[in-house]
Amino acid sequence: MDTAAATLYIRDCSSIKGATDFFSKLVKKLNTKGEYFDSQAMLFKGDFGDKPKPNMETRAVFLDHSRNFHGLEPVKKLLKHMSMLNLNQLHMRMSDDEGWRIQVTGIEELTSIGGRRCHDTKGDQCIMPQLGSGPMHDTGAGSGNFTRVQYREILEIATEHGIRIVPEIVAPGHNAAAIQAMKWYETNKGDESYRLTDPNQEAGGFSVQGFYDNVMNPCMDSTFVFLQKIVDQFKEDHASFKDIQNHFHIGGDETNIDLIKGSPICRDKMKDEGLDHNNDGDVNAYFHMFFQKYVKMVGEAGFHVHGWEEVWEYEENPGIFKIYNLNEWDVPTGTDLYAYHWNNMWLHGDGPTTGHMMANAGYKLIMSPATHLYLDHAQYEHPNSRGLMWATRSSNLTKVFSFRPFDFYRNGLTYIDGSKIDNGCKPGKTDEGHSWNCYPLTEEGRKNVVGMEACLWSEEIIEEKHIWEQLFPRVFAVAQRSWAETSWEETTGSSWDIFSNSTFKADWLRFRYALQFKLRELEKDKMWYDLPKPGALQRKPGDINSWTYNTLYYHNPIMFRNPNSTDKTWKGFSAVKDEVKNNDADNRRVEMVTTSFKKYSSGQPLKTSQPYEFTMEDGDGSSQSTILMSSVLLALVFSLY
């Protein structure tokens, strides 16, 4: 910028990074060259700034390292791109049934056994394989862990980027790996200090994921000795970065409460305290006491305390949840309690409303609803679309971009089976006659909605490339929605009305325009994002020249080929049209793909979407024209386009 000059006025020291990041992005935009060039980029003369604070204080990504593990380098890449998107929290799940992923000094078995997967019926070398690992511990994504040196490196890099790391050590459930490792620690060392289960435990059901022995015993003092050891190590590693790295997540999700009923130690302790181990209410009360101890432990270590919604709620009646009062928690003054609302299955009892209930009760609410922000779920309703579908049939880019944190129930677009709905929450009664309501946010509750988190659980993340394909570009939409305030968010009527709102459509088109530049940056760093199938439409039946086609990322190229040809290279539309137009009806098929921007020297794309195949109709209309409309939401994309 030979003659231009700019002055940054910064409010305080904590604002320096945000101001310089903004200016760096501006300069980068103006200086784009070659295929990156944006002819519409301009720098206006004048004063800019004094912008209202971001829509969300916490703009987060969750990466599960436990179910499959990919090491340090992907975390470093992710932190770089999070910083460019003004995302400011990386939540890292370090433990689960499928693996313990952080070195703990003095308890080597946690990683040498709990951090490795292989076929080992005795169990003294590793835990058994899951999806992502084979019979040997040194193959696949099932084995590995962060050393303490690597973890401190993550803290240092994150601090430089203005991103806080929130490590999660889940308890008491989801702990099959730790429990197996500690049994062998006791055998090898003759030390019962960190025992996590009752040696006389009776069988008592299994977890949602099918694990039988995966709950730390909440009635044993050694459980808390173990947790204190872990928390103390994190406190030590975070000490050099405590101004920003002072948050810790205790997990708390999906605990099999039947464990207590089969533990002689728990039965005796509950009896001494006047509780009945056969009464689910009393059992839940005992687990609440466990969480009170764990929350206090973490708070006294100097951390703000995060937990999944199960930590802060209880069942008043079967299927009807209430929220614990804030004064239930004995933490140092100034300790914030963060509640994560994830279990929002639309029209499933009061699940959609517990987030509002926690915010109204005074907890700092992080919204991570599985229907929209669980990015391990499938992006399209297609068998080749990687991802789960237990919370929603699919969650594509359009759906994530439309997320409305302050009009939460109107995010309900489809039921779990994919059928269309107009609202995500309706008051009702359980089979036992207990009622629930759809609570609105109070004025104070609205102030407590402080964050959004995009979650990537790693059951199906077998290779590093799957991380990027599941995260991107949907994380761009999460970054935009958590940063920018909108005028279209709060509406009346159907959940679907938003898609006819002209302001929403204008924002969506601007977002899609900007997407091309972010996708090119990913390609430069060899982070391969998801590519959606394109669609095709013949506007005039019988006219082979009337075919049009598009794709969700409308700046990415679309290429074609004749599947019946021995030439399997991708080409432009005109070339393939000329190849097939004189063929008989059975040989007029065409494949089309959305492609990456980058190409090999041969002109072939580095990466393509799954192909979409259609038949070109001839002049007499004898062949059938088709259009790709695989779901209600994809149809919506075409209408918005």
Heavy-atom closest pair (R474 atom, S395 atom, distance to 0.1 Å) is NH1-O, 2.8 Å
Between Y549 and F573, is the ring centroid distance below 6.0 Å? yes
Check the pair E469, K607 against salt bridge (charged side-chain N to carboxylate O under 4.0 Å, His left out), reporting the backbone distance first and the verdict last. CA-CA 12 Å; E469 289 172 351; K607 189 174 186 292; 3.6 Å; yes
Check whether any side-chain N or O of D253 sits under 3.5 Å from a backbone N or O of V311 as a donor-acceptor pair, and report yes or no. no
Once you round to the nearest 0.5 Å, how far does NE2 of H466 lie from OG of S458? 12.5 Å
Is the gap between the ring centers of Y324 and W312 under 6.0 Å? no
For residues S207 and N256, is any side-chain donor paired with an opposing acceptor at under 3.5 Å? no
Atom NZ of K599 and atom CH2 of W570: how far apart are they, to the nearest 0.5 Å? 13.0 Å
Answer yes if the ring centres of Y314 and F321 are under 6.0 angstrom apart, and no otherwise. no
Report yes if some heavy atom in the side chain of L441 is under 4.5 Å from a heavy atom in the side chain of V449; otherwise report no. yes
Given Q209 and E254, is the side chain to side chain donor-acceptor pair (under 3.5 Å) satisfied, shown in steps? CA-CA 9 Å; Q209 287 79 19; E254 298 179 330; 3.1 Å; yes
Thinking salt bridges, do D530 and R386 make one under a 4.0 Å N-O criterion? no
Intermediate values then yes/no, salt bridge (charged side-chain N to carboxylate O under 4.0 Å, His left out), E453 and R59: CA-CA 6 Å; E453 180 171 87; R59 304 172 300 281; over 6 Å; no
Centroid separation under 6.0 Å, is that true for the rings of H91 and W308? yes
Is the NZ or CZ atom of R512 positioned over Y553's six-membered ring, under 6.0 angstrom from the centre and within 45° of the axis? no
Between F597 and Q516, is a side-chain contact (heavy atoms from CB on, under 4.5 Å) present by the stated rule, with each step listed? CA-CA 9 Å; F597 294 101; Q516 60 178 311; 4.1 Å; yes
Check each of L456, L131, D376 against I461 using the side chain to side chain contact (heavy atoms under 4.5 Å, CB included) test, and report the only one that passes. L456
Can you tell me how far apart CG (N423) and SG (C438) are? Round to the nearest 0.5 Å. 7.0 Å
Consider side chain to side chain contact (heavy atoms under 4.5 Å, CB included). Of E591, M592, K571, which one does F560 pass it with? M592
With a cut-off of 6.0 Å (strictly less than), are more than 12 heavy atoms of other residues, nucleotides or ligands near CD of E443? no
Hey, are E523 and R520 close enough for a salt bridge, meaning a charged N less than 4.0 Å from a carboxylate O? no
Starting from the C-alpha separation in whole Å, work towards a yes-or-no answer on side chain to side chain donor-acceptor pair (under 3.5 Å) for E309 and T354. CA-CA 8 Å; E309 61 187 270; T354 52; 3.1 Å; yes
Passes side-chain contact (heavy atoms from CB on, under 4.5 Å), T255 versus E310? Steps please. CA-CA 9 Å; T255 300; E310 291 94 324; over 6 Å; no
Mind checking the CZ-CG spacing from F476 to L397? Nearest 0.5 Å is all I need. 9.5 Å
Please walk me through it: do D407 and R410 pass side-chain contact (heavy atoms from CB on, under 4.5 Å)? CA-CA 6 Å; D407 197 9; R410 286 192 179 84; 3.1 Å; yes
Kindly say whether the aromatic ring centers of Y338 and H249 come within a distance under 6.0 Å. no
A side-chain contact here means heavy atoms from C-beta on lying under 4.5 Å apart; do C425 and L347 qualify? no
Take atom CG in D431; do more than 12 heavy atoms of anything else shown fall under 6.0 Å from it? no
Closest approach of H372 and V400, non-hydrogen atoms and distance? O-CG2, 3.4 Å
Test item: E381 side-chain N/O and S394 main-chain N/O as donor-acceptor pair under 3.5 Å: no
Does the Lys NZ or Arg CZ of K577 fall within the cation-pi geometry relative to W547 - under 6.0 Å from the ring centre and within 45° of the axis? no
How about R164 and T58: does a side-chain donor come under 3.5 Å of a side-chain acceptor? yes
Determine the interplanar angle of the Y409 and H356 rings, folded into 0 to 90°, and report it as parallel if under 30°, tilted if 30 to 60°, perpendicular if over 60°. tilted
What I want to check is whether the side chains of E521 and H81 have a donor and an acceptor closer together than 3.5 Å. no
So W488 and D507, do their side chains get closer than 4.5 Å, heavy atoms only? yes
In Å and rounded to the nearest 0.5 Å, what is the NE2 to NZ distance from H377 to K399? 8.5 Å
R404 vs E489, salt bridge (charged side-chain N to carboxylate O under 4.0 Å, His left out): CA-CA, chis, key distance, verdict: CA-CA 6 Å; R404 291 158 272 177; E489 180 169 325; over 6 Å; no
Can you check whether H348 and Y415 have ring centres sitting under 6.0 Å from each other? yes
Min side-chain heavy-atom separation V475-L87 under 4.5 Å: yes
Could you tell me the separation between the OG1 atom of T608 and the CZ atom of R561, rounded to the nearest 0.5 Å? 7.5 Å
Can you tell me how the ring of F504 sits relative to the ring of F401, calling it parallel under 30°, perpendicular over 60° and tilted otherwise? tilted
Within the distance-only criterion (no hydrogens, no angle test), does the side chain of W346 pair as donor or acceptor with the backbone N or O of I416 below 3.5 angstrom? no
Does one side chain, of T551 or T594, offer a donor that lies under 3.5 Å from an acceptor on the other? yes
Salt-bridge criterion met for K77 and E464 (N-O under 4.0 Å): yes
Closest contact, heavy atoms only, K426 versus W436: O-NE1, 2.9 Å
Nearest heavy-atom neighbours spanning I320 and S435: CD1-O, 3.5 Å
Take the angle between the ring planes of H555 and Y513 and call it parallel below 30°, perpendicular above 60°, tilted in between. perpendicular
Does the side chain of S385 come under 3.5 Å of the side chain of Q379 through a donor N or O and an acceptor N or O? no
Charged N to carboxylate O under 4.0 angstrom, E459 versus R67? yes
Check: H304 main-chain N/O paired with D336 side-chain donor or acceptor under 3.5 Å: no
On the 0 to 90° scale, with breaks at 30° and 60°, tag the W342-W390 ring pair as parallel, tilted or perpendicular. perpendicular
Considering all heavy atoms, the nearest P318-T430 contact: O-CG2, 3.7 Å
Could you pull out the closest heavy-atom pair between T392 and A370, with the gap in Å? CG2-O, 4.3 Å
If we ignore hydrogens and angles and just use 3.5 Å, is the side chain of N437 paired with the main-chain N or O of Y439 as donor and acceptor? no
Decide side-chain contact (heavy atoms from CB on, under 4.5 Å) for C455 and L373; before the verdict, give the C-alpha distance in whole Å, the side-chain angles of both, and the deciding distance to 0.1 Å. CA-CA 6 Å; C455 297; L373 302 186; 5.8 Å; no
